[in-house]
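Below is one structure, written out as structure tokens, with a few remarks after it.
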Amino acid sequence: MAHTRVGDLLKTGEIGTAVTLQGWVRTKREGKGVGFLEVNDGSCLASIQVVVVQESLGGALKQVNTGAAVQVLGTLVASQGKGQRVEVQAQTLTLVGAADAETYPLQKKRHSFEFLREIAHLRPRTNSFGAVFRVRNTCAMAVHQFFQERGFLWVHTPMITVSDCEGAGERFQVTAFDLTQPALPPKLDFTEDFFGRPAYLTVSGQLEAEIMAMALTNVYTFGPTFRAENSNTSRHLAEFWMVEPEMAFCDLEGDADLAEAFLKHIFRTVLEQCPEDMAFFQERISDRVLDNAHKIIDEPFARISYTEAIALLEHSGHAFEFPVHWGIDLQSEHERYLAEVHFQRPVVVMDYPANIKAFYMRLNDQVDPQRQTVRAMDVLVPGIGELIGGSQREERLEVLEQRMRSVGLNPEDYWWYLDLRRFGSVPHAGFGLGFERLVQFMTGMGNIRDVIPFPRYPQNAEF
RNA sequence: UCCUCAGUAGCUCAGUGGUAGAGCGUCCGACUGUUAAUCGGAUGGUCGCUGGUUCGAGCCCAGCCUGGGGAGCCA
């Protein structure tokens, strides 16, 4: 059915044109002679006002309540009232789908995000969530645009893996066993299972992305990722989307350069394409949203080494709950001090101690044996903390094997990963970005569960 | 998983041992080119669950459940 999007009508609709409008009623104001509907179709933040003359359409208006789906045939006219440029003078009003006013949960008032989370099937119909999902969409398109313009290939890494690697947290097991039949042998025989061995949902596409980069040079993944951690925070999900570029012939500095250009591009694109939604977040969610965005776009990121960061924290005069000394992993309070208090903008911290980072990160040349570091980098941002984590990968076969053994991994289990170092190995680097954290940072939304349509977290998989 | 705060009407909350409340929503009416409409009236409750203390518990105690915030793990 041909119809006109609300966003087009409000922005560029010409007065006097006939329109077919379809959408959902946000509110109704009914008087004796004339009634008003606010109709929204998600195409933009604003709703459009529909004017209904009671004597001709009053009967139809009676049935139309908040939440109802309607179709309006009418004419776009200049608004007599204040608050909008144009409005639709209705000739016919059709109730497409009724909504019972007494039981429809959304009212024309502000609702708490906690309440809306319980009705995640209806919350996209609110201003806040409409704005979140439009911005999320624009972020996703900007991710692809950024990499595609630079010749990166989008590669599809598996969601089911058998490699017991990465050490990146608890995994969800995947099995074809019927777990409702407890008549299992004393010891599960996974050779009888679907893949012939234990299998899991992926916690990262990085190792496979490295394979692809060793042939295609520059690649990225963008897809769902799963962690079975019992994390109950405003920054964690059990199912989230991750962006992982991987570049051959690239070192850590190139990796950090890419991360910075990447974030600048995403923010610039969203500010250009979603100005109304971003203004909404600035006004209603967090008054730091636009300031954050402009700092990302306009200012170079701060860059310091881990060792410098530790010294900076030690001399900050700030009393931290977790004492600071060389060798600790940076705690949330440390990351936030760096990004929010000291630099007040994103900061890239590089060259972390080897023993707090993953086995695949490239060892730096030893300057001080007591202070062995690896080529890791984290991008820390105000409000969120770690937004991006990346590294230059260890490309030297012997060093990598040694490193794996020292952390208790069996190199034979990673034969294909090591083959990449046996045949045509090159320096390479990449990073991982939690997509929801990006959207969270972009919009100022306080809880990550409110930037994904259907959040999964412990004890919650409704909808 | 740990710490902490909370759970009372559809929503947001008040009620600190003695008859269950307000605003908003909803419904009815009035009024009006309205726009968080306005005005009047009405509607609305397993006080999270279970047990305990007490003459008497929304309130005190214990356990559990659910949610928020913080922490850890991480992206």
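Chain identifiers are assigned alphabetically (A, B, ...) following the order of the sequence lines, protein sequences preceding nucleic acid strands; residue numbering begins at 1 within each chain. Below, each value reflects all heavy atoms present in this structure, side chains not excepted, and no hydrogens, waters or symmetry copies.
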Closest nucleotide among [options] to the [X] side chain:
X: H111(A); options: rG33(B), rC11(B), rG68(B); result: rC11(B)
X: R29(A); options: rG33(B), rA37(B), rG10(B); result: rA37(B)
X: Q49(A); options: rG70(B), rU35(B), rG10(B); result: rU35(B)
X: A101(A); options: rC27(B), rA71(B), rG33(B); result: rC27(B)
X: F322(A); options: rG33(B), rC74(B), rG72(B); result: rG72(B)
X: H236(A); options: rG72(B), rG67(B), rG33(B); result: rG72(B)
X: F36(A); options: rC73(B), rG33(B), rC27(B); result: rG33(B)

May I ask you to say what [X] touches in the nucleic acid, namely base, sugar-phosphate or nothing, with a heavy-atom cut-off under 4.0 Å?
X: R26(A); value: nothing
X: N460(A); value: sugar-phosphate
X: E436(A); value: nothing

Rounded interatomic separation in angstrom, taking [atom1] from [X] and [atom2] from [N]:
X: E333(A); N: rG70(B); atom1: CD; atom2: P; answer: 14 Å
X: K108(A); N: rU34(B); atom1: NZ; atom2: C1'; answer: 11 Å
X: N447(A); N: rG68(B); atom1: CG; atom2: P; answer: 7 Å
X: Y457(A); N: rG69(B); atom1: OH; atom2: C1'; answer: 15 Å
X: E102(A); N: rC27(B); atom1: CD; atom2: C1'; answer: 6 Å
X: E30(A); N: rG29(B); atom1: CD; atom2: C1'; answer: 13 Å
X: N65(A); N: rC28(B); atom1: CG; atom2: P; answer: 9 Å
X: K32(A); N: rC39(B); atom1: NZ; atom2: C1'; answer: 14 Å

Is it the case that [N] (base atoms only) and [X] (side chain only) share a donor and an acceptor within less than 3.5 Å, ignoring hydrogens and angles?
X: K109(A); N: rC11(B); value: yes
X: S231(A); N: rC73(B); value: yes
X: E114(A); N: rG69(B); value: no
X: Q80(A); N: rG33(B); value: yes

Searching all strands shown, indicate the nucleotide that pairs with [N] (Watson-Crick or G-U wobble; both distances under 3.5 Å).
N: rA6(B); result: rU66(B)
N: rA22(B); result: rU12(B)
N: rA36(B); result: none
N: rC60(B); result: rG52(B)

Please state the [atom1] separation for the pair [N] and [M] - nearest whole angstrom.
N: rG18(B); M: rU54(B); atom1: C1'; answer: 12 Å
N: rC61(B); M: rG7(B); atom1: P; answer: 13 Å
N: rC55(B); M: rA9(B); atom1: P; answer: 30 Å
N: rC59(B); M: rU38(B); atom1: P; answer: 36 Å

Is there a donor-acceptor contact under 3.5 Å linking the side chains of [X] and [Y]?
X: E229(A); Y: H236(A); result: no
X: Y306(A); Y: D378(A); result: no
X: Q107(A); Y: T66(A); result: no

Would R345(A) and F301(A) count as a cation-pi pair here, with the cationic atom under 6.0 angstrom from the ring centre and within 45° of the axis? no
Only one of L271(A), T269(A), D277(A), V439(A) forms a side chain to side chain contact (heavy atoms under 4.5 Å, CB included) with T138(A), so which one is it? T269(A)
Please confirm whether the backbone N or O of D450(A) pairs with a side-chain atom of N447(A), one donor and one acceptor, at under 3.5 Å? no
State, to 0.1 Å, how close S79(A) and Q49(A) come at their nearest heavy-atom pair, and which atoms those are. OG-NE2, 4.5 Å
